[in-house]
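Single-structure report; data block below.
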Amino acid sequence: MLAIIGGSGLTQLANLKVTRRLAVRTPYGEPSGPLTFGEIAGKAIVFLARHGYGHTVPPHQVNYRANIWALHAQGVKAVVGVAAVGGIRADMRPGVIAVPDQIIDYTHGRASTFYSVEDRGVQHVDFTWPYEPVLRKRCLAAAQKTSVAMIDGGVYAATQGPRLETAAEINRLERDGADLVGMTGMPEAILAREIGLAYAAIAVVANHAAGRGGSAEAISMQSIAAILEEGMARVRTIIEELVVTHGG
Ligand code: HPA
């Protein structure tokens, strides 16, 4: 079964016929909210709002382990994490949708592994390609089928938040090779890998990153909201197609 973790601007799926909501307890505490089980065009899907249904959980306080554990425990095999990001690379303009293929993790102090000593001992997990290639391709195919433009690839920089970055930090991220910047991509991706879930991300560029383009002086929260609303409508179209062709 496919799961969608929705980020800012995507707290529900419009065409989802909800069949049940389930509050799952995990060894790691509570997920961000109940899992919403439903169907799109007769295909089963699970939805979870990363920041809670009232958008009350900030990026650094999301219980990523509980979220991923809960989905896995319910029989989910593949997860698409949807997230709002800032655009660093010139073509990652506000409104652009991308499927990143790499991650650089700048977060700190988050519970970022299932393999702490008290849990499952010492393990080293391959993470050379952090996103599952087949699921990435399915996302790209769904976008193509629905004629929604989507950029294939990009390096996602995961920052700690909840504050946005300084202009100098964005320059540094660019020198590091980052194309997009967001606050929730990690540890979500590695936890999915550790537990054996296929994971891909759909990133919606909500704003130019700090110091770039329209964000040269400041990042406007109002324009972020407007861009996200429109961008997430296109993401819903992609997800519906993804579920129709690959859900179940
Ligand atoms: N930086 C980090 N996270 C974000 C941004 C940004 O500019 N925009 C949306 N999420």
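For clarity, every value in this text was computed on a predicted model and none was experimentally measured. Note that ligands are numbered from 1 as they come in the structure, with each ligand's atoms numbered from 1 the same way.
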Contact atoms of ligand 1, heavy-atom distance to G86 under 4.0 Å | 4 (C), 5 (C), 6 (C), 7 (O), 8 (N), 9 (C)

Any idea which atoms of ligand 1 are less than 4.0 Å away from a heavy-atom of E165?
-> 1 (N), 2 (C), 6 (C), 7 (O)

Donor-acceptor under 3.5 Å (T245 side chain, E241 main chain) | yes

With under 30° as parallel and over 60° as perpendicular, where do the rings of Y199 and Y131 fit, or are they tilted in between?
-> parallel

Criterion side-chain hydrogen bond (donor to acceptor under 3.5 Å, both in side chains) against R110, the qualifying member of H60, Q160, E188 = Q160

Of all protein heavy atoms, the one nearest atom 4 (C) of ligand 1 is V181 O, 3.6 Å

Which atoms of ligand 1 sit under 4.0 Å from any heavy atom of N207?
-> 5 (C), 6 (C), 7 (O), 8 (N), 9 (C)

Which protein heavy atom lies closest to atom 6 (C) of ligand 1, and at what distance to 0.1 Å?
-> L164 CD2, 3.3 Å

Evaluate the side-chain proximity of L35 to Q74: yes if any heavy-atom separation is below 4.5 Å, no if none is.
-> yes

Numbered atoms and elements of ligand 1 in range of G182, under 4.0 angstrom, heavy atoms = 2 (C), 3 (N)

Would you call R172 and E165 a salt bridge, using N to O less than 4.0 angstrom?
-> no

Charged N-O contact under 4.0 Å between R163 and E169 = yes

Give the atoms of ligand 1, by number and element, whose distance to some non-hydrogen atom of A84 is under 4.0 Å.
-> 9 (C), 10 (N)

